[in-house]
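Report on the following structure.
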Amino acid sequence: QVQLVESGGGLVQAGGSLRLSCAASGRTFSSYAMGWFRQAPGKEREFVATITWNGDHIIYSESVKGRFTTSSDNGKNTLYLQMNSLKPEDTAVYYCAAGPLLSHDQRTYYYWGQGTQVTVSS
């Protein structure tokens, strides 16, 4: 059974930092891309970042480029999203996902975590 479990969300002041983790289990993800998406209240889910498990290829959305960094630890089967210089508009539920393509399109991701809430206060 494939499981993606996010953790690390919380409440932080604007300008602060958080690191999200996504623990993957249940299959081999070495050939998969791992994505981060977020959904703010009343808005559609949007792409944040994606990375191949070996870290060779990474894509960020323009809204987080330069502030967020994603990385993977193959030994721990864990994906990370380091979020710095957080803004109130970063407030959302953050999801990790796994799929065969390095893509910003959420339709290409087969497996999803349950999400973790990030709230940035002004």
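Values below: all heavy atoms of this structure, side chains included; hydrogens, waters and symmetry mates excluded. Since this is a predicted model, take the numbers as computed values, not measurements.
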**OP:** Spell out, yes or no, whether L79 and Y111 are grouped together once hydrophobic residues are joined by side-chain heavy atoms under 4.5 Å, including indirect joins.
**Re:** yes
**OP:** Taking the side chain as every heavy atom from C-beta outward, state whether L86 and F68 have any atom pair closer than 4.5 Å.
**Re:** yes
Subject >> Any L4 side-chain heavy atom under 4.5 Å of F29 side chain >> reply: yes
Original post:
Which heavy atom in A92 sits nearest to a heavy atom in R38, and how many Å separate them?
Top reply: CB-CB, 3.8 Å
Original post:
From L81 CG over to T70 OG1, what is the distance, rounded to the nearest 0.5 angstrom?
Top reply: 5.5 Å
Original post:
If we only count heavy atoms from C-beta on, is the I59 to L102 side-chain gap below 4.5 Å?
Top reply: yes
Original post:
Are the side chains of Y110 and V2 in touch, meaning some heavy atoms are under 4.5 Å apart?
Top reply: no
Original post:
Heavy atoms, side chains only, cut-off 4.5 Å: are V64 and W36 in contact?
Top reply: no
Original post:
Is a donor on one side and an acceptor on the other found under 3.5 Å between the side chain of S72 and the backbone of W53?
Top reply: yes
**OP:** Kindly give the heavy-atom pair with the smallest separation between V118 and G9, and that separation in Å.
**Re:** CG2-CA, 4.1 Å
Original post:
What heavy-atom pair brings K76 and T78 nearest, and what distance separates the two atoms?
Top reply: O-OG1, 2.9 Å
Original post:
Tell me, do M83 and D90 make a side-chain contact under 4.5 Å, heavy atoms counted?
Top reply: no
Subject >> Which residues share a ring pair (Phe, Tyr, Trp, His ring centres under 6.0 Å) with F47, sequence neighbours left out >> reply: F37
Subject >> Main-chain N/O of A33 paired to T52 side chain as donor or acceptor, under 3.5 Å >> reply: no
Subject >> Nearest atoms (heavy-atom pairs only) where P41 meets T91 >> reply: CD-O, 4.5 Å
Subject >> Least distance between heavy atoms, G99 atom then Y109 atom >> reply: N-CD2, 3.6 Å
Original post:
Strictly by modelled atom types, are S61 and S63 linked by a side-chain donor-acceptor pair under 3.5 Å?
Top reply: yes
Original post:
Just how far is it from atom CE of M34 to atom OG of S71, taken to the nearest 0.5 Å?
Top reply: 12.0 Å
Original post:
side chain to side chain donor-acceptor pair (under 3.5 Å) with K65: which residues, sequence neighbours excluded?
Top reply: E62
**OP:** State, to 0.1 Å, how close G16 and V12 come at their nearest heavy-atom pair, and which atoms those are.
**Re:** CA-CG2, 3.8 Å
**OP:** Not counting sequence neighbours, list each pair that qualifies as a disulfide bond (SG atoms under 2.5 Å apart) and has a residue in residues 1-116.
**Re:** C22-C96
Original post:
How would you list, by chain and number, every residue that makes a side chain to side chain donor-acceptor pair (under 3.5 Å) with Q106, sequence neighbours excluded?
Top reply: R45
Subject >> Residue pairs passing the side chain to side chain donor-acceptor pair (under 3.5 Å) test where at least one lies in residues 9-25, sequence neighbours excluded >> reply: S17-N84
**OP:** With sequence neighbours excluded, give me every ring pair (Phe, Tyr, Trp, His ring centres under 6.0 Å) pair touching residues 79-103.
**Re:** none
Original post:
Taking a hydrophobic cluster as the set of Ile, Leu, Val, Met, Phe, Trp and Tyr residues connected by side-chain heavy atoms closer than 4.5 Å, whether directly or through intermediates, do W112 and V93 fall within one such cluster?
Top reply: yes
**OP:** Report yes or no: does S103 contribute a side-chain atom to a donor-acceptor pair with the main-chain N or O of L101 at less than 3.5 Å?
**Re:** no
